[in-house]
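As structure tokens, the structure follows; a few thoughts come after it.
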Number of protein chains: 2
Amino acid sequence: MLELAVLGLLKEEPLHGYELRKRLRDYLGLFASVSFGSLYPALARLEASGAVHAIEVHRSTAGYPMTGSLSGERTAFHRSRADANRRSRSRRVYSITEHGQQLFEDLLSGTSNENDDERSFALRWTFARHLRPQARIRLLERRKAQLRQRLVEVNAAAASNDSLDSYSMSLVEHATESTKRDISWLDKLIDAEQIAAHAASRPQEGARSARDVAHPKQHGNAR
Amino acid sequence: MLELAVLGLLKEEPLHGYELRKRLRDYLGLFASVSFGSLYPALARLEASGAVHAIEVHRSTAGYPMTGSLSGERTAFHRSRADANRRSRSRRVYSITEHGQQLFEDLLSGTSNENDDERSFALRWTFARHLRPQARIRLLERRKAQLRQRLVEVNAAAASNDSLDSYSMSLVEHATESTKRDISWLDKLIDAEQIAAHAASRPQEGARSARDVAHPKQHGNAR
DNA sequence: ACATCACTATATCGGAGCGATATATCGCCA
DNA sequence: TGGCGATATATCGCTCCGATATAGTGATGT
């Protein structure tokens, strides 16, 4: 689900491949470290399917880098980074399209394509602010059900298998404990989300901004 | 590193592809669930490189299934399983070769091919009984260094990045905590291994079987 | 008697991702 | 001037996965 990560970053601002990879590494590094051998084909796929749109930005060397006309740069947004005026060869700057927005929401809610593993969940949760509260809770519940299922399977396999040596056993025990902790963590998050959803559904108390808490149409001030 | 898992299972007894996959799923299911689309090409690679040797075993239907002459079956070994006399179509039974034994040890000790991730370590630890005590400790220490490195990187990334929302932050916090627990677990294992190695190096007290604790040349009674 | 189902068993296909590598350009510094 | 490191895009070979094809087998059902 590299597409999801790419669309999630392009949703905030247009970016070219090299910068995308840096952000993938730095911001989502834990869950989506990616190589160019994956990124460029993924961008080509997204472009072919019409989810993103690329414009060629030639180097300007002098003055301002606003060469990318079509909302190309959103200048002085991440100027804290060292790449302030480093403009070198021509770049392909990708923007997300309407269709891409739709694809992003589909991938994020996970209604299609049940390819769920550890990283897939972590990536979705990173973009949880783009989900409705209800969908957020569904995501957490799905993940929890997965982990519980895995617990059952591991315990069953370990019980029916008496030929485990001490090394395998230590591995199984540690994995079981870790999974239980993950489930507890999910429970905590689910509680917090339910409280938030509950508070949002009665606007008479604490009435301010009960509606704009990550409604899917809310984009722009993504922080 | 599917090869490592396959060789580790074939080290115990010759198996055909379908049974290999079952054991990969049941015994090492947590860390190496594998599909036929991976397994059969991997077996073909191992066969091409001379690490395993395949013999065609045709069905016999009547009497004993000892058709696979060359140490083919090791009859009545896992008869507790339901596939006792289920002999159907012809199978390709794979055995590990001398070269395969060497390859297994190389992959297991990890001197070549530093492709270390979560599952890679878990898989190696599953076969830790085939390592010398010294190599076991090295494996644990390498894994620990990896996790510590990741902790540092994640903290640095999170500190330099002020645009993390609460969802990403909860993810980072949970991952940090989990990693710390993993490190503690590794510390525990390292301590235990060092005590065992220490005890094994002075055979004058508790002298029984200090030498046969998983020496690399000890094969045969692999359980 | 025959159909159907579930299991055993091997194999291949397309696609995704990775690591390595190739090819440029640019700024900097010795 | 020449090398080095960062920026930037792209491709190659490989591994792995999920899906699918093919086929033999025993049990179950009608």
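Atoms considered below: every heavy atom in the structure, side chains included; atoms not considered: hydrogens, waters and symmetry mates. Each chain gets a letter, A, B and so on, in the order its sequence line appears, and its residues count up from 1.
- Atom pair K22(B):NZ and dC7(C):P shows a separation of 11 Å (rounding to whole Å applied).
- Distance R25(A) CZ to dA6(D) P: 11 Å, rounded to the nearest Å.
- Residues forming a salt bridge (charged side-chain N to carboxylate O under 4.0 Å, His left out) with R138(A) (at least two apart in sequence, or on another chain): none.
- Going from atom CZ of F36(A) over to atom P of dT23(C) covers 17 Å, rounded to whole Å.
- Among the nucleotides dA10(D), dT12(C), dC18(C), the one closest to any side-chain atom of S35(A) is dC18(C).
- Per the geometry, CZ belonging to R21(B) stands 14 Å off C1' belonging to dA11(C), to the nearest Å.
- Distances from the side chain of H16(A) to the nucleotides dT9(D), dC18(C), dC16(D) place dT9(D) closest.
- For Y167(B) and F127(A), the ring centers are positioned 6.0 Å apart or more.
- Side chain of R45(A), nearest nucleotide from dC17(D), dT9(D), dA16(C): dA16(C).
- At a threshold of 4.0 angstrom between heavy atoms, the contacts of G17(A) are confined to the sugar-phosphate backbone, with no base atom among them.
- Both the sub-6.0 Å distance and the 45° axial angle are not jointly satisfied by R91(A) relative to the ring of Y18(A).
- By the salt bridge (charged side-chain N to carboxylate O under 4.0 Å, His left out) test, R148(B) pairs with no residue at all, sequence neighbours left out.
- Listed nucleotides dT9(D), dC18(C), dT10(C) differ in distance to R91(B); the shortest reach to its side chain belongs to dT10(C).
- Taking the side chain of R119(A) as heavy atoms from C-beta on, and the options dC18(C), dT9(D), dA16(C), the nearest nucleotide is dC18(C).
- Residue L39(B) contributes atom CG, which lies 15 Å from atom P of dT8(C) at whole-angstrom precision.
- dA22(C) atom C1' lies 13 Å from atom OH of Y40(A), rounded to whole Å.
- Put simply, CZ on R92(A) is 11 Å from P on dT11(D), counting in whole angstrom units.
- With no hydrogens or angles considered, no side-chain donor-acceptor pair links T179(B) and D182(B) at under 3.5 Å.
- Comparing dT10(C), dA10(D), dC16(D) by their closest approach to the side chain of L2(B) singles out dC16(D).
- Distance, L20(A) CG to dG17(C) P: 14 Å, rounded to whole Å.
- Distances were taken from every side-chain heavy atom of E3(A) (C-beta onward) to each of dC18(C), dA8(D), dG17(C); the shortest belongs to dG17(C).
- Proximity of S38(A) to the phosphate of dC18(C): a side-chain N or O atom is located under 4.0 Å from OP1 or OP2.
- Comparing dC17(D), dC7(C), dT9(D) by their nearest atom to the side chain of Y18(A) picks out dT9(D).
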